[in-house]
**Q** 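Here you go, one structure.
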Amino acid sequence: MKAVKLLILFLLCLTLCFGCGKKEGEKQETKKSTSDEAKEKDKSAADNDGDTRADHEIIAEAMEKTSKLASFKADTKASLKLGGKTINGEFGAESQIHVVQSDGAQNLQMAMETRISPGDMVSKSYYKDGCYYLDDGKKKYKQEKAPEEVLGIVTDITKMVIESSDKIEDISVEQSGKEKVYSYGLPSYIAADYAAKLMKEMGAEDTVLEDVSHEIEEIRLSSTVNEEGVLTRQEISAAGELKKAILVIPVEAKTTAEFTETDDKELKMELW
């Protein structure tokens with residue numbers, strides 16, 4: 001179980017905790033230097049497509065709509081490459097998630113299967129009637145959880161982007177068939193609290209990740225929105241270095257999620 005937590009933490013933390021050590025002065029400078037440019041791009045995009053909303057508002061609203069769909073599937077893929085001499089390798093995780101909240105979030109049902117490589121480790125989890133079931137291939141667990149806590153497994157990243165949507169910078173829009181693809185960046189410091197939360201939840205204080213610093217050279221996001229204004233695909237990529245003591249490990253991380261609305265009103269789950 002610890003190995004699963006550690007790998008997932010690597011994949012998520014390295015993709016989301018960009019430049020956690022950035023100084024406050026640098027944060028303010030980044031915000032100030034990009035604000036005017038972002039405003040101009042927002043105005044230009046609105047003028048071009050006749051939509052009075054700024055692009056960052058469209059992205060946030062699309063994410064909000066997706067998280068509130070009565071029934072949807074999310075297929076996620078995450079990859080991590082470590083290029084150091086001492087620590088290196090390629091790791092991956094794929095998840096298939098099905099969420100049903102047709103009777104409201106308080107009656108949430110969720111089924112998730114995750115496969116981690118190397119090793120092809122498979123874990124299955126289910127949520128129904130206030131209970132969260134987890135089978136990691138070695139042990140089975142059952143725990144009472146609030147619906148919003150479980151749904152956060154799928155929507156935490158979405159929530160982070162929504163809350164920081166006014167910080168979106170360097171945004172561009174492309175038409176892809178009937179969908180629009182928004183490519184943009186986010187200031188690195190806004191993910192620090194989120195990564196710290198992951199560290200605590202996954203017990204990273206007791207792992208090699210303690211006292212690790214991140215220096216991310218590049219962070220880009222891409223959100224695909226359909227005609228109904230619903231998010232259908234989210235991609236986050238980052239590249240940089242992971243540092244601890246004298247170790248400097250080049251890293252590349254990428255996470256993608258594709259969302260599909262479904263008509264299911266009940267999930268078939270292998271509960272015990």
Side-chain angles (χ1 to χ4, degrees), residues 1-16 63 66-80 91-160 194-195 197-207 209 231 233-234 236 253-272:
M1 188 64 181
K2 178 67 72 175
V4 175
K5 287 184 175 181
L6 181 57
L7 179 54
I8 293 176
L9 181 61
F10 263 126
L11 294 170
L12 293 177
C13 189
L14 289 175
T15 306
L16 292 172
M63 291 184 173
T66 298
S67 66
K68 292 183 177 180
L69 289 174
S71 179
F72 67 91
K73 291 183 178 180
D75 292 316
T76 69
K77 291 184 179 180
S79 63
L80 174 71
F91 306 88
E94 295 187 15
S95 294
Q96 290 77 44
I97 308 166
H98 198 167
V99 174
V100 170
Q101 48 187 352
S102 54
D103 295 328
Q106 292 306 309
N107 296 307
L108 175 72
Q109 299 176 49
M110 188 183 78
M112 179 168 67
E113 180 172 323
T114 301
R115 183 178 299 274
I116 295 175
S117 60
D120 286 331
M121 186 180 298
V122 178
S123 68
K124 296 181 179 181
S125 57
Y126 310 94
Y127 182 76
K128 189 174 184 179
D129 299 328
C131 286
Y132 182 73
Y133 303 80
L134 173 64
D135 181 352
D136 66 3
K138 296 181 179 180
K139 292 184 179 180
K140 295 182 178 181
Y141 307 84
K142 179 181 177 181
Q143 184 180 5
E144 291 186 2
K145 285 183 178 289
E148 57 270 18
E149 184 179 1
V150 176
L151 190 59
I153 296 173
V154 187
T155 61
D156 257 5
I157 295 176
T158 297
K159 182 179 179 182
M160 183 194 73
Y194 182 81
K197 174 173 171 281
L198 284 176
M199 298 272 287
K200 183 177 180 181
E201 288 181 352
M202 294 186 173
E205 297 90 342
D206 301 325
T207 74
L209 288 180
L231 180 74
R233 179 182 172 88
Q234 176 72 57
I236 305 174
K254 183 176 182 179
T255 303
T256 62
E258 295 187 356
F259 302 92
T260 306
E261 186 173 8
T262 66
D263 296 323
D264 298 288
K265 299 184 182 300
E266 187 77 19
L267 292 184
K268 296 179 180 180
M269 295 181 277
E270 302 173 4
L271 306 179
W272 61 87

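What's counted below: heavy atoms across the whole structure, side chains too, no hydrogens, waters or symmetry copies.
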**Q** Can you measure from OG (S95) to CD1 (I116) and round to the nearest 0.5 angstrom?
**A**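 So the gap between those two atoms works out to 7.5 Å.
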**Q** Would K145 and Y132 count as a cation-pi pair here, with the cationic atom under 6.0 angstrom from the ring centre and within 45° of the axis?
**A**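 Yes - K145 lies over the ring of Y132, closer than 6.0 Å to its centre and within 45° of its axis.
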**Q** Excluding sequence neighbours, so at least two apart, what forms side-chain hydrogen bond (donor to acceptor under 3.5 Å, both in side chains) with K77?
**A** none
**Q** Looking only at side-chain N and O atoms, does T262 offer a donor or acceptor that is under 3.5 Å from a partner on S71?
**A**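 Result is yes, a qualifying pair exists.
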**Q** In Å, rounded to the nearest 0.5 Å, how long is the span from OH of Y133 to CE of M269?
**A**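 The CE atom of M269 is 8.5 Å from OH of Y133, to the nearest 0.5 Å.
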**Q** Under the 3.5 angstrom rule, does the side chain of Q234 hit a backbone N or O of M63 as a donor-acceptor pair?
**A**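 Flag not set: sc Q234 to bb M63 has no pair under 3.5 Å.
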**Q** If you take all heavy atoms of L267 and Q109, which pair is closest and at what distance?
**A**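 Closest approach of L267 to Q109, heavy atoms only: N-OE1, 3.1 Å.
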**Q** Do the side chains of E258 and R233 get close enough for a salt bridge, i.e. N-O under 4.0 angstrom?
**A** yes
**Q** In Å, rounded to the nearest 0.5 Å, how long is the span from NZ of K124 to CE of M112?
**A**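 So the NZ of K124 and the CE of M112 are separated by 13.0 Å.
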**Q** If I take atom OG from residue S125 and atom OH from residue Y141, how far apart are they, to the nearest 0.5 angstrom?
**A**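 OH of Y141 is found 13.0 Å from OG of S125.
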**Q** If you look at every heavy atom in P118 and F91, which pair is closest and at what distance?
**A**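 Taking every non-hydrogen atom into account, CD-CD2, 3.6 Å.
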**Q** Measure from the side-chain N and O atoms of D264 to the backbone N and O of E266, and report whether any donor-acceptor pair falls under 3.5 Å.
**A** no
**Q** Supply the atom-to-atom distance Q101 CD to L108 CG, rounded to the nearest 0.5 angstrom.
**A**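 Answer for the CD-CG pair, Q101 versus L108, is 6.0 Å.
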**Q** So, for Y126 and A111, which heavy atoms are closest and what is the spacing to 0.1 Å?
**A** CD2-CB, 3.9 Å
**Q** List the atom of L151, the atom of S67, and the distance in Å for their closest heavy-atom pair.
**A**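 It is CD2-O, 4.2 Å.
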**Q** How many angstroms lie between CE in M110 and NZ in K128, if you round to the nearest 0.5 Å?
**A**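 These two atoms lie 14.0 Å from each other.
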